[in-house]
Amino acid sequence: MTDTAANPDANSAIKPATRPNANFTPRVFSGIQPSGGLTLGNYLGALKRFAEMQGEAYQTVYCMVDLHAITVWQNPADLRKNTRELCAGFIASGIDPEQSILINQSQVPEHAQLAWIFNCVARMGWMQRMTQFKDKAGKNTQNVSLGLFAYPALMAADILIYHATHVPVGEDQKQHLELTRDVAIKFNHDYGVDFFPITEPVIEGAATRVMSLRDGSKKMSKSDPSDMSRINLTDDADAIAQKIRKAKTDPDPLPETLDGLADRPEARNLVNIYAALADMTAEAVVAEYAGQQFGAFKPALADLAVARLSPISTEMARLMNDQAEIDRILSRGAERAREITAPILKKTYDIVGMVPPVV
Ligand code: TYM
């Protein structure tokens, strides 16, 4: 034991990461909640990036976080259906279950086991600062589940049980990833080890925060009561086109440069969506459409969105016809995942001082 390990509670000031993750296998982990319905925000902020990060540079692990989903009430039959539909969404978006490890969280028990350890590392004050908890709990803080409060410790465990070095997410998850880094730093510090990596958030691309089509100040979300506020990955071509046609904008034409969109959040959102779908920068989109009205831009965006998203919804529907295959993919994913997670949990227990079983 080191001196600092003697009284870790005294360690209130968390030091910034000083060490690169050079000793760790480059590994990507990310997750999505199977709480019903994938949106264009999930696609551009997460799924599309997940598919792009597959390849030689990283081992990739992607997860349906069913244990996170039940932090708010889920009807059991819906949860099962939504988990399978999300798996179909991952595959239809280009995630190859051979190349990546594709799992649902509850089939890999080490996530929840490490989360308990992290519940004992993370501090109440850190959790109380989480804006997502404040947003979700609202005025109801006494009545929400304890799981909703502890949610970020499970998220840290999801990532660190793989020693993941990179986590692609949308902008809204940034604070949770900072907490993940704090948990890793504090664990390493308290136990005097160099065991967990200091994970890098990957928040990149033109659409890291896709906004509602009805209100440019609100995030596009599956929980928005208005279906017109979002594009769902299961929407057909007509619905996509109609939602884009009716999206809120302003009467001005598109400006010459991006600066001209600074106070026009709805217009900026549509430009970002176009850029992300077309794999262009927002600057290039504005340069191409400068001076044109939204009457011309919206149909072009609708065509592009339909061309990119329709094949995904068609493929999701096809995959959902073979649930047995989806279940097989998830079982196989869990088996592969546990080859990574079981030794990391075993070592964690050892560091913490748990007596191991005799084998
Ligand atoms: P979730 O299920 O809310 O969202 C999944 C992913 O989609 C991104 N996203 C968006 N990106 C851009 N614009 C939007 N409007 C938008 N809406 C959603 C999210 O940023 C996220 O990347 N806590 C996580 C799930 C999670 C996780 C993890 C993620 C659990 N464990 C470990 C990474 C690593 C969540 O609730 O995401």
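Atoms within each ligand, like the ligands themselves, are counted from 1 in listed order. What's counted below: heavy atoms across the whole structure, side chains too, no hydrogens, waters or symmetry copies. No experiment lies behind these values; they were computed from the predicted model shown. Start at 1 with the first residue, then count along the sequence.
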Would you tabulate the side-chain donor-acceptor contacts of residues 290-301 under 3.5 Å, counting partners in other chains and residues two or more places apart, or write 'none'?
{"from": "K298", "atom 1": "NZ", "to": "R245", "atom 2": "O", "distance (Å)": "2.9"}
{"from": "K298", "atom 1": "NZ", "to": "A247", "atom 2": "O", "distance (Å)": "2.7"}

List ligand 1's nitrogen or oxygen atoms that come under 3.5 Å of a protein nitrogen or oxygen, with the partner atom and distance.
{"from": "ligand 1", "atom 1": "2 (O)", "to": "Q33", "atom 2": "N", "distance (Å)": "2.9"}
{"from": "ligand 1", "atom 1": "4 (O)", "to": "N42", "atom 2": "ND2", "distance (Å)": "3.4"}
{"from": "ligand 1", "atom 1": "7 (O)", "to": "N42", "atom 2": "ND2", "distance (Å)": "3.1"}
{"from": "ligand 1", "atom 1": "11 (N)", "to": "G41", "atom 2": "O", "distance (Å)": "3.2"}
{"from": "ligand 1", "atom 1": "13 (N)", "to": "V210", "atom 2": "N", "distance (Å)": "2.8"}
{"from": "ligand 1", "atom 1": "15 (N)", "to": "V210", "atom 2": "O", "distance (Å)": "2.8"}
{"from": "ligand 1", "atom 1": "15 (N)", "to": "M220", "atom 2": "O", "distance (Å)": "3.0"}
{"from": "ligand 1", "atom 1": "20 (O)", "to": "G170", "atom 2": "N", "distance (Å)": "2.9"}
{"from": "ligand 1", "atom 1": "20 (O)", "to": "D172", "atom 2": "OD1", "distance (Å)": "2.4"}
{"from": "ligand 1", "atom 1": "22 (O)", "to": "G170", "atom 2": "N", "distance (Å)": "3.2"}
{"from": "ligand 1", "atom 1": "23 (N)", "to": "Y151", "atom 2": "OH", "distance (Å)": "2.7"}
{"from": "ligand 1", "atom 1": "23 (N)", "to": "Q173", "atom 2": "OE1", "distance (Å)": "3.0"}
{"from": "ligand 1", "atom 1": "31 (N)", "to": "D158", "atom 2": "OD2", "distance (Å)": "2.7"}
{"from": "ligand 1", "atom 1": "36 (O)", "to": "Q33", "atom 2": "NE2", "distance (Å)": "2.8"}
{"from": "ligand 1", "atom 1": "36 (O)", "to": "Y151", "atom 2": "OH", "distance (Å)": "2.7"}

### Parallel, tilted or perpendicular, as decided by the 30° and 60° cut-offs, for the rings of Y162 and F29
parallel
* According to the interplanar angle, ranging from 0 to 90°, do the rings of F50 and F90 count as parallel (below 30°), tilted (30 to 60°) or perpendicular (above 60°)? -> parallel
Test log, rule ring pair (Phe, Tyr, Trp, His ring centres under 6.0 Å), inputs F195 and Y191: CA-CA 9 Å; F195 186 59; Y191 291 100; over 10 Å; no
Practice problem: Scan side-chain atoms only and decide if E266 and T249 contain a donor-acceptor pair under the 3.5 Å cut-off. | Solution: no
dist H166:NE2 -> I159:CD1 (nearest 0.5 Å) comes out at 12.5 Å
